[in-house]
2 protein chains.
Amino acid sequence: MPENQVFLHFAKYIALSNALKEELSQRIVSKTLKKGELVHSAHNVCTSSYFIRKGLLRIYFLKEGQEISEFFCAENEWVNSPKSFMQRQLDIYWIDAIEETEAFSLHISDLGYLLEHFPEMERYARLSMGTIFAHLLERISSLRFTSAKERYEHFCSVYQTIHARIPLGMVASYLGIAQETLSRIRALK
Amino acid sequence: MPENQVFLHFAKYIALSNALKEELSQRIVSKTLKKGELVHSAHNVCTSSYFIRKGLLRIYFLKEGQEISEFFCAENEWVNSPKSFMQRQLDIYWIDAIEETEAFSLHISDLGYLLEHFPEMERYARLSMGTIFAHLLERISSLRFTSAKERYEHFCSVYQTIHARIPLGMVASYLGIAQETLSRIRALK
DNA sequence: ATGATTTTTTGATATAGGTCAAAAATTATT
DNA sequence: AATAATTTTTGACCTATATCAAAAAATCAT
């Protein structure tokens, strides 16, 4: 059963009742994305969250005509555009597929229903945010105190399984360094 | 009733039942802190969260003997050391008072109790994390793409009411720039 | 208040990483 | 496979910010 993959993810944080499994199964929708395909566009409210079964998505925005990558999300993670999704605001971010990707989507109204009816779902949301929280704090530390080279190494260690699947230019903008600089850093090894 | 100040804060996110108000009142403890006093020390697990009624706290760590400020928290906010508090880990952070401060403390076991028995408390926790989340994302953007000067200006706008109450050296380490640089930036205006 | 300590400012110099431009390598399209 | 488009690398030069050192100003303790 393909939903099992999502269930396993939830099980890292909470005990999933059969009732919740049922409701979840009925609400998630399978999607396949081609490389380069958008799942969300700027100037809209982000209304779905995507659980990646296989593949790699990127959230980015445009700055002076350039794409600036904000995060990358791979297997067994949920992606959405956080601020737009949580606060139902129009967005500046785009989400596209770096690779061909298989995902489940969950609409925000369905998430709302689940949060409303299953207290453990609130708990899941709080706890899983804690994980992301810790990542953001590390990223801030990394940006404040480390050289471009160290930041790249940190990036490779955090995105262990996927860093090699992401084009150099996207990594550079994610790290906030010039693409030329990243190219030089890579050349050192 | 002094607890009203905390209730007002909760009311920004959820409707507070009388039962929850009761339980909260019984669990929060009033504390007064002198300037410079520590409320939490590294090498311990952070077991309390503090709601600031008046004053200013700072969370910092030591790097090569230097104090590096991680955040500042003022009136009507909760402070703790996030990673240690959420994951019950030994900590690297210290929390001290920049000014004489009045706070309520809430022990993690009491928070656990409230989360356990009041689903709206889970909701509050999730939603209030959303607010902090948005701040962290902005801070990351600010670190990646803006000059020291712009970062300082952004800092002043975010910490509108409190930036002037924080010593320059602490602000510099928060922004990840040298204290001399910040002094020069300030001199420009 | 007075000296001691801490914090901030100013000056001189060094460097990591940015920018612009062009070549090389890789990937996509017909 | 050949050509076009995109991405990455290399080179030359420049700028923002770091570092080190010392003076000035502010704050603290007796």
Side-chain angles (χ1 to χ4, degrees), chain A residues 33-38 56 58 60 62-69 72 94 96-100 139-156 162-189, chain B residues 33-38 56 58 60 62-69 72 94 96-100 139-156 162-189:
Chain A
L33 304 163
K34 277 175 287 194
K35 183 172 177 176
E37 193 176 340
L38 286 165
L56 186 51
R58 166 179 72 134
Y60 69 96
L62 293 176
K63 190 186 151 114
E64 293 146 29
Q66 297 268 312
E67 295 179 357
I68 308 287
S69 299
F72 307 104
W94 309 75
D96 72 355
I98 293 180
E99 302 174 347
E100 165 137 0
R139 194 166 167 202
I140 289 173
S141 248
S142 168
L143 284 165
R144 280 199 300 174
F145 300 114
T146 63
S147 65
K149 178 156 182 279
E150 290 170 304
R151 255 184 281 160
Y152 176 63
E153 283 161 0
H154 178 249
F155 171 82
C156 290
I162 55 169
H163 75 265
R165 291 147 64 184
I166 305 170
L168 176 139
M170 292 184 188
V171 175
S173 74
Y174 172 86
L175 294 173
I177 63 186
Q179 159 164 332
E180 296 91 329
T181 302
L182 182 53
S183 174
R184 288 181 178 111
I185 287 167
R186 273 195 182 170
L188 297 178
K189 294 215 230 182
Chain B
L33 303 163
K34 276 174 287 192
K35 183 171 176 176
E37 193 176 339
L38 288 165
L56 186 49
R58 164 179 74 135
Y60 69 95
L62 293 176
K63 190 185 150 112
E64 293 147 28
Q66 297 269 311
E67 294 180 358
I68 307 287
S69 299
F72 307 105
W94 309 75
D96 71 355
I98 293 179
E99 301 173 346
E100 164 136 4
R139 193 167 168 201
I140 289 172
S141 250
S142 167
L143 284 164
R144 279 198 300 173
F145 299 114
T146 63
S147 66
K149 177 157 183 278
E150 289 169 305
R151 254 183 283 160
Y152 176 64
E153 283 160 1
H154 178 249
F155 171 82
C156 290
I162 57 169
H163 75 264
R165 291 149 64 186
I166 305 170
L168 176 139
M170 292 184 189
V171 175
S173 74
Y174 172 86
L175 294 172
I177 63 186
Q179 157 163 334
E180 295 91 329
T181 301
L182 182 54
S183 173
R184 287 181 178 110
I185 287 167
R186 272 195 183 170
L188 296 177
K189 296 212 234 191

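Each chain gets a letter, A, B and so on, in the order its sequence line appears, and its residues count up from 1. Keep in mind the model is a prediction, meaning the values are calculated, not measured.
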Problem set entry | From A:Arg139, A:Arg58, A:Arg151, residue fulfilling side chain to side chain contact (heavy atoms under 4.5 Å, CB included) relative to A:Tyr174 | A:Arg139

For this session: Select one nucleotide: of C:dT8, C:dT19, D:dT8, the one nearest the side-chain heavy atoms of B:Pro167.
Result: C:dT8

Problem set entry | Rounded distance in Å - CD (B:Glu150) to C1' (D:dT17) | 14 Å

For this session: May I ask you to check whether over 12 heavy atoms, not counting those of B:Glu150, lie within 6.0 Å of atom CD?
Result: yes

Seminar exercise, completed: Against the side chain of A:Arg184, the closest entry in D:dA18, D:dA12, C:dT9 is D:dA12

Exercise. Rounded to the nearest Å, what distance is computed from the CD atom of residue B:Gln66 to the P atom of nucleotide D:dC20?
Worked result: 11 Å

For this session: Rounded off to whole Å, could you give me the CD-to-C1' distance for the A:Gln179 and C:dT19 pair?
Result: 13 Å

Problem set entry | Sugar-phosphate only, base, or nothing, as touched by B:Ala148 at under 4.0 Å among non-hydrogen atoms | sugar-phosphate

For this session: Starting at atom NZ of B:Lys34, determine the distance to atom P of D:dA29, rounded to an integer number of angstrom.
Result: 12 Å

For this session: Would you check if B:Ile98 and B:Lys35 make a side-chain contact, meaning some heavy-atom pair closer than 4.5 Å?
Result: no

For this session: Respond yes when some side-chain nitrogen or oxygen of B:Lys149 is under 4.0 Å from OP1 or OP2 of D:dA16, and no when none is.
Result: no

Exercise. Does a side-chain N or O from A:Thr181 land closer than 4.0 Å to OP1 or OP2 of C:dG18, or not?
Worked result: yes

For this session: Please step through salt bridge (charged side-chain N to carboxylate O under 4.0 Å, His left out) for the pair A:Glu153 and A:Lys149, ending with a clear verdict.
Result: CA-CA 6 Å; A:Glu153 283 161 0; A:Lys149 178 156 182 279; 3.3 Å; yes

Seminar exercise, completed: Separation of D:dA26 atom C1' from B:Leu168 atom CG, nearest Å, is 13 Å

Problem set entry | B:Arg186 CZ - D:dA26 C1' separation (whole Å) | 13 Å

Exercise. CG of B:Leu175 versus C1' of D:dT17: gap in Å, rounded?
Worked result: 13 Å

Exercise. Is A:Arg144 reaching over with its side chain to a backbone N or O of B:Ser173, donor-acceptor style, under 3.5 angstrom?
Worked result: yes

Exercise. Touch check for B:Leu182, heavy atoms < 4.0 angstrom, all strands: base, sugar-phosphate only, or nothing?
Worked result: nothing

For this session: Using a heavy-atom cut-off of under 4.0 Å over every strand shown, decide if B:Gly36 touches base, sugar-phosphate, or nothing.
Result: nothing

Problem set entry | Below 4.0 Å: OP1/OP2 of C:dT8 and any side-chain N or O of B:Ser183 | no

Problem set entry | Toward the 5' end of DNA chain C, by each residue's nearest nucleotide, A:Glu180 or A:Thr146 | A:Thr146

Exercise. For B:Phe145 and C:dG17, what is the distance between atoms CZ and C1' respectively, to the nearest whole Å?
Worked result: 15 Å

